[in-house]
Amino acid sequence: MDCIFCKINRNEISSEVLFEDVGVKVFKDVHPSAPVHFLVVPKKHIESISLLTEADRDIPGALVFAAKKAAHMLGLEGYKLIFNVGRRGGQIIDHLHLHLLGGWSNVALDKELR
């Protein structure tokens, strides 16, 4: 498979890996959209959420659980989890992945809550 995320999963392309297990790899996004931006990627190649089959039904949950673990490891108190689905939904890489975004300053939020 010529997919960049498959190559990262096979360690053919280096990445800053936070952790991985049998089915998921979590690594830093090279084009971050937030102070903390990691990608949670299944090791099985599936192009998009829209192409999940009944046999793949556990994969989204595994990605969310891995993102939760990553957020805890990174010490994030709050964060966003985002699946982009298809080109019109903002998906650029044709391999299912979950964005873990966080690390924004709490200064503005703290002022707003006062």
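The structure displayed is predicted, hence computed values, not measured ones. Residues take their numbers from the sequence shown, with the count starting at 1.
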Output all residues satisfying side-chain hydrogen bond (donor to acceptor under 3.5 Å, both in side chains) with His37, sequence neighbours left out; order by chain, then residue number. Asp29, His99

Tell me, please, which residues at least two apart from Lys43 pass salt bridge (charged side-chain N to carboxylate O under 4.0 Å, His left out). Glu20

List in chain and number order the residues that pass side-chain contact (heavy atoms from CB on, under 4.5 Å) with Asp56, two or more places apart in sequence or in another chain; answer none if no residue qualifies. Lys44, Ile46, Leu52, Thr53, Ile59

Straight-line distance of Ile4 CD1 to Asn9 CG, nearest 0.5 Å: 11.5 Å

For the hydrophobic clusters of this structure (ILVMFWY residues joined by side-chain heavy atoms under 4.5 Å, transitively), does one cluster hold both Phe19 and Leu98? yes

Could you grab the distance from atom CD1 of Ile92 to atom CG of Asn84, nearest 0.5 Å is fine? 7.5 Å

Sequence neighbours excluded - side-chain hydrogen bond (donor to acceptor under 3.5 Å, both in side chains) pairs with any residue from residues 61-74: none

Taking C-beta and beyond as the side chain, do Lys7 and Asp2 meet within less than 4.5 Å on heavy atoms? yes

Please report the shortest heavy-atom distance between Asp21 and Gly23, naming the atom on each side. OD1-N, 2.9 Å

Test of understanding: with ring pair (Phe, Tyr, Trp, His ring centres under 6.0 Å), list the residues that count as partners of Phe83, not counting sequence neighbours. none

Under the side-chain contact (heavy atoms from CB on, under 4.5 Å) criterion, do Leu100 and Leu81 qualify, and how do the steps go? CA-CA 5 Å; Leu100 167 61; Leu81 299 176; 3.7 Å; yes

My understanding is that only residues two or more places apart in sequence, or in another chain, count here; which of them pass side-chain contact (heavy atoms from CB on, under 4.5 Å) with Ala34? Leu101, Trp104

Which residues pass the side-chain hydrogen bond (donor to acceptor under 3.5 Å, both in side chains) test with Glu47, sequence neighbours left out? none

Is there a path of hydrophobic side-chain contacts, each under 4.5 Å between heavy atoms of I/L/V/M/F/W/Y residues, joining Phe5 to Ile13? yes

Quick check: is Met73 connected to Val40 through a chain of hydrophobic side chains (ILVMFWY, heavy atoms under 4.5 Å apart)? yes

Under the salt bridge (Lys or Arg N to Asp or Glu O under 4.0 Å) definition, can you give me all pairs with a residue in residues 91-103, not counting sequence neighbours? Arg87-Asp94

Tell me which one of Gln91, His97, His95 satisfies side chain to side chain donor-acceptor pair (under 3.5 Å) with Ser48. Gln91

Among residues at least two apart in sequence or on other chains, which ones pass side-chain hydrogen bond (donor to acceptor under 3.5 Å, both in side chains) with Asp58? none

Would you say Phe27 and Leu63 are hydrophobically clustered, going by side-chain heavy atoms of ILVMFWY under 4.5 Å? no

Check side-chain contact (heavy atoms from CB on, under 4.5 Å) between Val36 and all other residues, then give those that pass, not counting sequence neighbours. Phe38, Leu74, Leu76

So which heavy atom on Ala71 is nearest to which on Tyr79, and how close? CB-CE2, 3.3 Å

Name all residues meeting the side-chain hydrogen bond (donor to acceptor under 3.5 Å, both in side chains) criterion together with Lys80; count only those two or more places apart in sequence or in a different chain, and write none if there are none. none

Sorted by chain and residue number, the side-chain contact (heavy atoms from CB on, under 4.5 Å) partners of Glu16 (sequence neighbours excluded) come out as Lys28

Do other residues, nucleotides or ligands put more than 12 heavy atoms under 6.0 Å from the CZ atom of Phe65? no

Test item: Val41 and Ile8 side chains (from C-beta on) under 4.5 Å apart, heavy atoms: no

